[in-house]
Amino acid sequence: APVHEPAVLHKVVLPEPAVVPAPTLPSAGVKMKHVWQSLNNCGPASVVMMLSSLGVDTDQETARLALRGTNWARGMGPTPVDPWVKEQFGVLATWRNNGTNALLKALISNGLAPMVTQWLEDPWVSRISHWRVVQGYDDARGVFNVYDPLRGRVSLSYEWSDRNWQPFAYRYLVIHTPEQEPLVRAILGADWSERTVRERLFLRARNEALQRDDSPSWLAYGEAAYGYGLYAEAVSAFEKGLALGSAQGVFTLRSSYAQALRALGRSQEAERVQQQFGTNTPQPAVVPAAEILAQEQALEHARSEKVRFTE
């Protein structure tokens, strides 16, 4: 894959946080209830658990219909959570990519339990993407204590958690009150800005791919490059990742790989890729906000590097 330093798009200036987060403790946990999920309902069940930490009581069936609809085969992405919890309970949901173990600990030390998307088990056992809530951690044991809607209350090593989080862009979501938003902003720091998240994730994913040289890292590099608007780099990384191993279960690949090819004017290859990875869903008439931001960044790269591509 071509390697170069990305253009600096925007200097993000954030206001000074109104609050100072509590320091990260050697161990901490957030009080909440555990919920056993119904069929394919890890996302809504995790949302219900997180809401319970704020004293909000609801059930996963109500959450399922709001966040997944009536199709049992459909999973839950992070986007619909904030509008639903805001309307129903007056609280907020903030999600980002590029999470770290240190960030999870900082959130928990400040009374906020995040949910994360990871493999359910090691990918050589099964390749099922899964939401779980990180309820606490213990540095002495080197583990996160998670409330898993399918497996119960279990402990996962820091290394296991990080490795099985990578294929999903280190995505996390935290539910909080409006009054806690300044605290969340202070903990996230520069990563409160979506543009900053994309740049940092790209640099991180590229470094991990070059260092580890394995299939998950190259596929993650492709996803990050796509999100950062570097379409040719994304395609090269996807191709290397697929050559090194399986992409089964990496659900984002079916759209990002094809969309990157389309942006480069390679429409026939894009159709083949889209069929290969199990979706014949037509492209939306309205481009989602995340893709709009990727396109804006691609235009910035093109202007700075005088590169032409298909809009």
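Quantities reported herein were computed from a predicted structural model and do not represent experimental measurements. Positions are given from 1 along the sequence.
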(message) Would Lys33 and Asp57 count as a salt bridge (charged side-chain N to carboxylate O under 4.0 Å, His left out) here? Give the steps.
(response) CA-CA 10 Å; Lys33 70 177 181 181; Asp57 187 30; 3.0 Å; yes

Is there a chain of hydrophobic side chains (I, L, V, M, F, W, Y, each step under 4.5 Å between heavy atoms) that links [X] to [Y]?
X      : Y      : result
Tyr228 : Leu203 : yes
Leu112 : Val197 : no
Val143 : Met32  : no
Leu120 : Trp72  : no

Would you say the side chains of [X] and [Y] form a donor-acceptor pair under 3.5 Å?
X      : Y      : answer
Tyr170 : Thr117 : no
Asp82  : Trp95  : no
Gln60  : Gln37  : no
Arg262 : Ser267 : no

(request) Would you please indicate yes or no on a ring centroid separation below 6.0 angstrom for Trp218 and Phe238? (result) no

(request) Tell me, with the steps shown, if Arg204 and Glu208 meet salt bridge (charged side-chain N to carboxylate O under 4.0 Å, His left out). (result) CA-CA 6 Å; Arg204 175 184 182 181; Glu208 289 177 348; 3.5 Å; yes

(request) Carefully, step by step, assess Ile175 and Phe89 under the rule side chain to side chain contact (heavy atoms under 4.5 Å, CB included). (result) CA-CA 11 Å; Ile175 297 178; Phe89 312 111; over 6 Å; no

(request) Hey, could you give me each pair passing salt bridge (Lys or Arg N to Asp or Glu O under 4.0 Å) that has a residue in residues 127-138? Not counting sequence neighbours. (result) Arg132-Asp148

(request) Could you list the residues that satisfy side chain to side chain donor-acceptor pair (under 3.5 Å) with Asn110, not counting sequence neighbours? (result) none

(message) My understanding is that only residues two or more places apart in sequence, or in another chain, count here; which of them pass side chain to side chain donor-acceptor pair (under 3.5 Å) with Arg200?
(response) Asp191

(request) Can you spot which of Arg272, Arg266, Gln274 makes a side chain to side chain contact (heavy atoms under 4.5 Å, CB included) with Leu261? (result) Arg266

